[in-house]
**Q** 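Take a look at this one; I'll ask things after.
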Amino acid sequence: MRILGIESSCDETAVAIYDSQQGIIAERIASQIETHAKFGGVVPEIASREHLKVLPALASKVLRDANCDWPDVDGIAVTAGPGLMGALLVGVTYARSVGLVNDIPVLPIHHMEGHLFAPGLSNEGLPAFPFMSLLVSGGHTMLIRVDGLGQYQVIGQTIDDAAGECFDKAARVLGLPYPGGPEIAKLALSGDASVFKLPRPMLNKPNFNFSFSGLKTAVMYAAKGCENFNDQAKTDLAAATELAIADVLTKKSIKACQAEGVNSLVIAGGVAANLTLRTMLDKVAEQEGIKLYVPSFEYCTDNAGMIAYVGAMRFAQGDCIHDDWDANPRWKLQDLK
Ligand code: KG4
Ligand code: ZN
């Protein structure tokens, strides 16, 4: 089975083809990061226009890369939410149009379900069910118990900002461009995290929820309160910010695995690309007898490979779709079956 995946929920236009025998056989991403960087964040209308400009040609190139054409595609999987409404509509409208013209079934895919199963694209593959997943992106921070495809139980989530959002907002305080996560990570490499004492919000609360807005404010006050906020101080504050976020995510994830009696942990979403978090989680998980599953870097941030992959799983289990679906910017993972 060959599934063509389309992702356009935010600022990456991506197309990939997943073959159930060979894995990903072709994929391309057109990033809009530079276009949005000068605005300090994603501008929704510009994102939609950029997707519209590049998506049809990108799909043609991916088909050519894979040495196939539309009749060779058995199904189309498209991100239908959550995300920016205009951006989602471009992908969904394109998918439904090419599906109709070429008589190919089209399945709407939940963006976060794509992230959840992204480690399945690595050589190691997915762990057996049940597993715990830490989903950490620009819009989400969630701990989810996964008992099967469509069987998700939210164990904990952020009550305010997402971890990626905290990285992005702290980066602004440090005068770094968008997206802030990779920029903070780069700067943190030469920083001394012990110079600044930052809080670990909700770490000792008897639940698995997170809160990152206080941490963002603490970063702001640390910068303001610093007598000489020079380059070295910025580097140290970047390291302290990264460590505080990684520390909370690591400890809560491990506790959640233990509370649920689950011994496999998956990390997914853009923040899963963070090396400090990966290293810390790897170490603590090993100490606690929990096996960590991490997607390769290119499948941590937004991509179409993960959408095609989940599409293939859903087509294989016989999911078929009626015509009455639409882009849904606030689609909840809990509503999936
Ligand atoms: O999953 P993603 O690509 O898009 C969303 O669905 O949100 O995640 C984007 C988020 C951004 O907040 C970005 O700053 C963060 O992931 N991010 C990172 C790293 N790479 C991306 N955060 C920390 N360290 C990184 N290396
Ligand atoms: Zn994402």
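Counting starts at 1 for both ligands and their atoms, in listed order.
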**Q** Nearest non-hydrogen atom to atom 8 (O) of ligand 1 belongs to which of C166, G270, P82?
**A**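 Nearest option to atom 8 (O) of ligand 1, by heavy atoms: G270.
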**Q** Please check if the side chain of R200 supplies one atom and the backbone of L198 the other of a donor-acceptor pair under 3.5 Å.
**A**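 Yes, the answer is positive, given that a donor and an acceptor are paired below the 3.5 Å cut-off.
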**Q** Hey, does the Lys NZ or Arg CZ of R145 hover above the aromatic six-ring of F129, less than 6.0 Å from the centre and inside 45° of the axis?
**A**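 The answer is no; the distance or angle limit is not met.
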**Q** As an exercise, identify every atom of ligand 1 less than 4.0 angstrom from a heavy atom of D168.
**A**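 The list of qualifying atoms is 11 (C), 12 (O), 13 (C), 14 (O).
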**Q** Would you mind reporting whether Y18 and I307 have side-chain heavy atoms less than 4.5 Å apart?
**A**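 No, too far: nothing below the 4.5 Å cut-off.
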**Q** Restricting to N, O or S, what is the name of the atom of D302 that lies nearest the Zn ion (ligand 2)?
**A**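 When I compare the N, O and S atoms of D302, OD1 is nearest to the Zn ion (ligand 2).
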**Q** Check ligand 1 against F167 and write out every atom of the ligand that is under 4.0 Å from a heavy-atom position of the residue.
**A**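 Those of ligand 1 that fall under 4.0 Å from F167 are 22 (N), 23 (C).
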**Q** To the nearest 0.5 Å, tell me how far I184 CD1 sits from C166 SG.
**A**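 Reported to 0.5 Å precision, the distance equals 7.5 Å.
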**Q** Flag the pair L237 / V219 as yes when at least one side-chain heavy-atom distance between them is below 4.5 Å, and no otherwise.
**A**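 The answer is yes, as the side chains (C-beta and beyond) meet within the 4.5 Å cut-off.
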**Q** Provide the number and element of each atom of ligand 1 under 4.0 Å from a heavy atom of G139.
**A**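 Listed by number with element: 7 (O).
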**Q** Would you check whether C10 reaches within less than 4.0 Å of ligand 1, judged by its heavy atoms?
**A**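 Distance cut 4.0 Å: C10 fails for ligand 1.
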**Q** Is it possible for you to check whether K169 lies under 6.0 Å from the centre of the six-membered ring of F167, through NZ or CZ, and within 45° of that ring's axis?
**A**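 So K169 doesn't make the cation-pi contact.
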**Q** Taking 4.0 angstrom as the limit and counting only heavy atoms of G164, give me the atoms of ligand 1 inside it, by number and element.
**A**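 With G164 as reference, the close atoms of ligand 1 come out as 12 (O).
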**Q** Taking the side chain as every heavy atom from C-beta outward, state whether R28 and D65 have any atom pair closer than 4.5 Å.
**A**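 They are in contact (side-chain heavy atoms under 4.5 Å apart), so the answer is yes.
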**Q** Which angle, to the nearest 10 degrees, do you find at the Zn ion (ligand 2) between NE2 in H111 and NE2 in H115?
**A**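 Taking the Zn ion (ligand 2) as the apex, the two atoms subtend 90°.
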**Q** Ignoring hydrogens, just give me the one of G180, P182, A188, S137 whose non-hydrogen atom is nearest atom 5 (C) of ligand 1.
**A**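 It is S137 that holds the nearest heavy atom.
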**Q** Can a side-chain donor-acceptor contact be found between E113 and Y152 if the only test is distance below 3.5 angstrom?
**A**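 Yes, side-chain donor-acceptor contact under 3.5 Å.
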**Q** Between H111 and ligand 1, which residue portion shows a heavy-atom distance shorter than 4.0 Å: side chain, backbone, both, or neither?
**A**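 For H111, only side-chain atoms sit under 4.0 Å from ligand 1.
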**Q** Who's the nearest protein heavy-atom neighbour of atom 22 (N) of ligand 1, and how far?
**A**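 Here the closest protein heavy atom is G181 CA, 3.3 Å.
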**Q** Tell me if a side-chain donor or acceptor on H140 pairs with a main-chain N or O of T158 at a distance below 3.5 Å.
**A**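 No.
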**Q** Which heavy atom of the protein is the closest neighbour of atom 2 (P) of ligand 1, given with residue, atom name and distance?
**A**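 Scanning the protein heavy atoms, the shortest distance from atom 2 (P) of ligand 1 goes to D302 OD1, 3.3 Å.
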**Q** Which of the atoms of ligand 1 are close to G138, meaning less than 4.0 Å from one of its heavy atoms?
**A**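 Taking each heavy atom of G138 in turn, ligand 1 has 5 (C), 7 (O), 8 (O), 9 (C), 10 (C), 12 (O) under 4.0 Å.
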**Q** Record the part of N274 in heavy-atom contact with ligand 1 below 4.0 Å; permitted values are side chain, backbone, both and neither.
**A**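 Both backbone and side chain.
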**Q** What part of H115, side chain from CB on, backbone N/CA/C/O, both or neither, has a heavy atom under 4.0 Å from ligand 1?
**A**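 Under 4.0 Å from ligand 1, H115 contributes side-chain atoms alone.
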**Q** Calculate, to the nearest 0.5 Å, the distance between atoms CZ and NZ belonging to F210 and K252 respectively.
**A**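 So the gap between those two atoms works out to 6.5 Å.
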